[in-house]
Amino acid sequence: MKKYIAIVLLSVFVISCKSKAVAVQNNTTKTEEAPKEDKKAIEKHYNNKLDFSTLSIKASARYEDEKQSQNVTADIKIEKDKQILISVRFLGITMAKALITPTTVSYYEKIKGTYYEGDFTSLSKWLGTDLDYSKVQNLLVGEALDDLRKGKYTQTIVENLFRLEDEKEEKVKKIFYLDSEKYLIQKEEISQASENVQLEIIYSDSKTFNQGTLPTTIEINAVQPKGKTNINLNYNNISFNEELSFPYSVPSGYKKVIIK
């Protein structure tokens, strides 16, 4: 059950830990001269914000932990700032579905015939990390999980990327990496040493549309004391501003999950 929930809710926010060294891939042209620090790097990051009303994505997804791996497909529908519907299928059969709004989270999964309906407060407590609608939407469209304009960051240059480390957070360490050409997010690292957890999100293979630039490959590496988890999302088909429906209903006979 958990692998489908993890993909549906992108709840690897919960199971993060020490990141492994990975080569950051991007579609920007590398130059021999290292970039200089840019005081307006954060402002320029938000100049790339996608301008859309709806977004439809057909993706392939691979889930892997230390015990199992699974390849599935995912249909992702977004009505900007209002709702996200994610359907996960295996061999054409819907195995899980989630409807996420700014105030509610609902999902069901077929393996054990269970469903959940609640808000982000109880879900965040269960996951062990702060989670809200904006973070899920930002992750899917390649925007920094946090609003960088509201924080204070130490900026350095690492491997031709602008490295922004949050100065305010004490218990949770957050680092964001922007490319030096378009200021797109390339990697995010979130760690909590006291809990021995860390999350790494890597974006690559982005495409530019009339509405803006969207990453087409998202790799999520997470480790916690219970083990490692990896999720890879590859966007195969993308369309903007179409009229979308967001059908969601829990099949009869499913049992409600109570999260305490």
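Side-chain contact check for Thr217 and Asn234: at least one donor-acceptor pair (N or O, by modelled atom type) lies under 3.5 Å. Under 3.5 Å, the side chains of Thr154 and Glu165 contain no donor-acceptor pair of N or O atoms.
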*Could you walk me through whether Lys110 and Ile93 pass the side-chain contact (heavy atoms from CB on, under 4.5 Å) test, one step at a time?*
CA-CA 10 Å; Lys110 189 172 183 178; Ile93 301 172; 3.5 Å; yes

*Starting from the C-alpha separation in whole Å, work towards a yes-or-no answer on side-chain contact (heavy atoms from CB on, under 4.5 Å) for Asp147 and Tyr46.*
CA-CA 9 Å; Asp147 189 337; Tyr46 287 101; 3.6 Å; yes

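Within the 4.5 Å cutoff, the side chain of Leu85 has no heavy atoms near those of the Ser245 side chain. Using a 4.5 Å cut-off on side-chain heavy atoms (C-beta onward), Asp179 and Tyr203 make no contact. In this structure, Ile218 and Tyr235 have side chains that are in contact, with non-hydrogen atoms separated by less than 4.5 Å. The shortest distance between side-chain heavy atoms of Asn236 and Thr73 does not fall below 4.5 Å. The shortest side-chain heavy-atom distance between Glu189 and Lys173 does not fall under the 4.5 Å cut-off. Between Glu109 and Thr114, some side-chain heavy-atom pair lies under the 4.5 Å cut-off. Using a 4.5 Å heavy-atom cutoff, the side chains of Tyr107 and Ile100 are not in contact. In this structure the side chain of Leu178 reaches within 4.5 angstrom of the side chain of Ile185, judged on heavy atoms.
Going from atom CD1 of Ile78 over to atom CD1 of Ile84 covers 5.0 Å, rounded to the nearest 0.5 Å. Atoms CZ and CG, on Arg62 and Leu233 in that order, are 13.0 Å from each other to the nearest 0.5 Å. Distance check, rounded to the nearest 0.5 Å: CD of Glu188 to CD1 of Ile175 gives 11.5 Å. Atoms CG and CG, from Leu139 and Leu145 in turn, are 5.5 Å apart once rounded to the nearest 0.5 Å. Separation of atoms CD1 (Ile220) and CD (Glu200) is listed at 11.0 Å; rounding is to 0.5 Å. In this structure, Asn232 CG and Ser69 OG are separated by 11.5 Å, a value rounded to the nearest 0.5 Å.
Checked by atom type and distance alone, the side chain of Asn230 never pairs as donor or acceptor with a backbone atom of Glu64 at under 3.5 Å. A distance-only check finds a donor-acceptor pair linking the side chain of Asn48 to the backbone of Lys182 [under 3.5 Å]. Of the possible donor and acceptor atoms, none in the side chain of Tyr254 sits under 3.5 Å from a partner among the backbone N and O of Tyr116. Remark: the backbone N or O of Phe120 is not paired with any side-chain donor or acceptor of Tyr133 at under 3.5 angstrom.
Closest of all the heavy-atom pairs between Pro215 and Gly142 is CG-CA, 3.6 Å. Residues His45 and Glu143 share a closest heavy-atom pair of NE2-CG, 3.9 Å. Scanning all heavy atoms of the two residues, the minimum distance from Tyr108 to Val250 falls at CD2-CA, 4.1 Å. Across Leu50 and Leu214, no two heavy atoms sit closer than the pair CD1-CD1, 3.5 Å. Minimum heavy-atom separation, Gln70 to Phe90: NE2-CE1, 2.8 Å. Residues Ala144 and Asn138 come closest through the heavy atom pair O-ND2, 3.1 Å.
For residues 74-83, every residue pair satisfying the side-chain hydrogen bond (donor to acceptor under 3.5 Å, both in side chains) rule, not counting sequence neighbours, is listed here: Asp75-Arg89, Glu79-Gln83, Asp81-Gln137.
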Using a 3.5 Å cut-off and no angle test, enumerate the donor-acceptor pairs between side-chain atoms of residues 53-60 and protein atoms at least two apart in sequence or in another chain.
unit_1, atom_1, unit_2, atom_2, d
Ser53, OG, Asn241, OD1, 3.1
Thr54, OG1, Asn241, N, 3.3
Thr54, OG1, Glu242, N, 3.1
Thr54, OG1, Glu242, O, 2.7

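Within 6.0 Å of atom CG in Asn210, 12 or fewer heavy atoms from other residues, nucleotides or ligands are found, so the atom counts as exposed in its surroundings.
No option in Tyr153, Tyr177, Tyr183 other than Tyr183 meets the ring pair (Phe, Tyr, Trp, His ring centres under 6.0 Å) test with Phe162.
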